[in-house]
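A note on names: the letters A, B, ... follow the listed sequences, proteins ahead of strands, and every chain is numbered from 1. From a predicted model like this one, the values you see are computed outputs, not experimental measurements.
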Amino acid sequence: GNSVTQMEGPVTLSEEAFLTINCTYTATGYPSLFWYVQYPGEGLQLLLKATKADDKGSNKGFEATYRKETTSFHLEKGSVQVSDSAVYFCALRDNSGGSNYKLTFGKGTLLTVNP
Amino acid sequence: DTAVSQTPKYLVTQMGNDKSIKCEQNLGHDTMYWYKQDSKKFLKIMFSYNNKELIINETVPNRFSPKSPDKAHLNLHINSLELGDSAVYFCASSRDTIYFGEGSWLTVV
């Protein structure tokens with residue numbers, strides 16, 4: 001079956017530090033990959049996505065590259081801000097067969113950025 | 001304009017009650033979902049509808065019954081609420097990318 005494994009949190013950084021949140025996946029087909037962000041007390045927002053191998057998704061200074069050879073989709077940001085404090089979820093959608101109607105999520109990584 | 005809207009945002013109710021959460025999307029998507037987020041932030045799909053037809057039902061107790069009157073609406077009715085039903089329930093819709101509502105925080109006391 002499909003699964004997503006992302007690094008355990010919480011992650012605490014100082015402002016302007018470099019961020020990496022690791023995400024690896026297992027899929028039976030050819031997945032699309034996503035990062036969602038959940039700010040405190042709010043819903044899930046799509047942060048970025050990649051639909052095929054070697055695609056790079058980017059948004060708000062965050063980026064992630066779809067690496068088929070390592071089955072990874074690590075999230076990076078060069079300089080984090082306090083406002084980036086949130087829970088980050090890696091997710092996949094398997095585009096083969098009938099399972100393309102749902103996302104499989106990782107467990108989420110809580111990021112806290114201190115001034 | 002809110003793309004996926006769900007009501008109520010907060011709901012506190014007693015055990016044994018029946019409650020509903022409503023969801024509407026104005027994106028013209030064919031597929032809608034209900035996800036549950038537990039206290040540890042873990043997200044799991046409950047149901048998915050495509051063109052008003054149920055296509056995913058992930059081992060959810062029978063007390064949970066989704067209803068899709070049309071493509072733009074997917075409501076969730078919960079009977080005989082239990083303490084363990086306390087969670088955040090997210091509605092979502094998609095054509096390609098899945099977009100989520102802002103969540104409904106359900107607390108059963």
Side-chain angles (χ1 to χ4, degrees), chain A residues 1-11 21 23 30-52 55 57-59 64 66 73 85-95 97-112, chain B residues 2-10 21 23 25 27 29-60 66 68 71 74 87-107:
Chain A
N2 301 324
S3 67
V4 175
T5 302
Q6 59 182 106
M7 65 188 284
E8 297 269 339
V11 174
I21 300 178
C23 172
Y30 305 95
S32 297
L33 300 172
F34 304 84
W35 278 99
Y36 283 84
V37 58
Q38 185 176 26
Y39 298 102
E42 297 186 13
L44 288 158
Q45 299 176 28
L46 177 67
L47 181 59
L48 53 84
K49 67 177 183 179
T51 57
K52 61 183 188 299
D55 270 2
S58 60
N59 186 26
Y66 188 142
F73 193 54
S85 298
V87 180
Y88 291 82
F89 293 92
C90 185
L92 75 80
R93 188 188 68 222
D94 192 335
N95 296 315
S99 59
N100 60 350
Y101 290 109
K102 69 176 185 180
L103 285 172
T104 300
F105 282 92
K107 292 188 176 180
T109 302
L110 173 63
L111 170 66
T112 302
Chain B
T2 303
V4 181
S5 58
Q6 50 184 111
T7 57
K9 182 161 185 176
Y10 299 103
I21 306 172
C23 178
Q25 54 97 3
L27 297 168
H29 292 162
D30 289 340
T31 309
M32 296 186 72
Y33 312 78
W34 279 107
Y35 279 80
K36 179 180 179 181
Q37 185 176 44
D38 63 23
S39 59
K40 296 183 179 179
K41 301 288 188 183
F42 187 62
L43 281 152
K44 191 168 181 357
I45 191 168
M46 300 173 68
F47 302 102
S48 177
Y49 272 71
N50 183 255
N51 276 320
K52 302 194 298 177
E53 182 183 345
L54 179 66
I55 52 173
I56 293 176
N57 183 342
E58 292 275 316
T59 60
V60 177
S68 181
K71 280 193 338 180
L74 180 62
V88 185
Y89 293 86
F90 286 101
C91 179
S93 73
S94 75
R95 176 172 293 125
D96 175 21
T97 300
I98 296 181
Y99 294 93
F100 287 84
E102 296 199 344
S104 295
W105 271 252
L106 172 65
T107 302

Does a salt bridge link A:Lys107 with B:Asp38, judged by any charged N lying under 4.0 Å from a carboxylate O? no
Spacing of [atom1] belonging to [X] relative to [atom2] belonging to [Y], to within rounding of 0.5 Å:
| X | Y | atom1 | atom2 | answer |
| --- | --- | --- | --- | --- |
| B:Ile98 | A:Phe34 | CD1 | CZ | 6.5 Å |
| B:Phe42 | A:Phe89 | CZ | CZ | 9.5 Å |
| A:Gln38 | B:Phe90 | CD | CZ | 4.5 Å |

Which bit of A:Leu44 comes within less than 4.5 Å of chain B, counting heavy atoms only: side chain, backbone, both or neither? both
Measure distances from A:Gln45 to the heavy atoms of chain B and classify the residue's part below 4.5 Å as side chain, backbone, both or neither.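 No part of it gets close to chain B.
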Min side-chain heavy-atom separation B:Asp96-A:Lys49 under 4.5 Å: yes
Taking side chain as C-beta onward, heavy atoms only, is B:Gln37 less than 4.5 Å from A:Phe105?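 No, their side chains stay 4.5 Å or more apart.
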Check the surroundings of atom CD in A:Glu42: do more than 12 heavy atoms from other residues, nucleotides or ligands lie under 6.0 Å from it?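 Atom CD in A:Glu42 is crowded, with more than 12 foreign heavy atoms closer than 6.0 Å.
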Backbone N or O of A:Leu103 within a donor-acceptor pair of the B:Tyr33 side chain at under 3.5 Å? no
For B:Lys44, is it the side chain, the backbone, both or neither that has a heavy atom under 4.5 Å from a heavy atom of chain A? neither
